[in-house]
Amino acid sequence: MQGRKPIPTAVKELRGNPGHRPLGDREPQPKVGEPPMPSGLSRYAKQAWKRMVPILSTWVCSLSLTATR
């Protein structure tokens, strides 16, 4: 794709819509929440998953909040 990268709809909504063009409604939306644990993990991998996923999901949430400012 050549040219500028498209601005996400959430950013357009925050900035306002000065051109009064319709906003994109077909933009993919990220899933909210923690992903399911993959099957086939070893005991140690399961322990690491249970320990790391809550940390990473709060980190991603705070990252997305700071990106919209």
Considering only distance and modelled atom types, tabulate donor-acceptor pairs under 3.5 Å from the side chains of residues 33-55, sequence neighbours left out.
unit_1: Ser42; atom_1: OG; unit_2: Ala45; atom_2: N; d: 3.2

Check: Does anything in residues 13-22 pair up under side chain to side chain donor-acceptor pair (under 3.5 Å), and if so which pairs, sequence neighbours excluded?
Finding: none
Margin query: Testing the basics here: between Lys12 and Ile7, what is the closest heavy-atom pair and its distance to 0.1 Å?
Written below: CE-O, 3.4 Å
Notebook entry, point to check: Who are the side chain to side chain donor-acceptor pair (under 3.5 Å) partners of Glu27, not counting sequence neighbours?
Noted result: Thr9
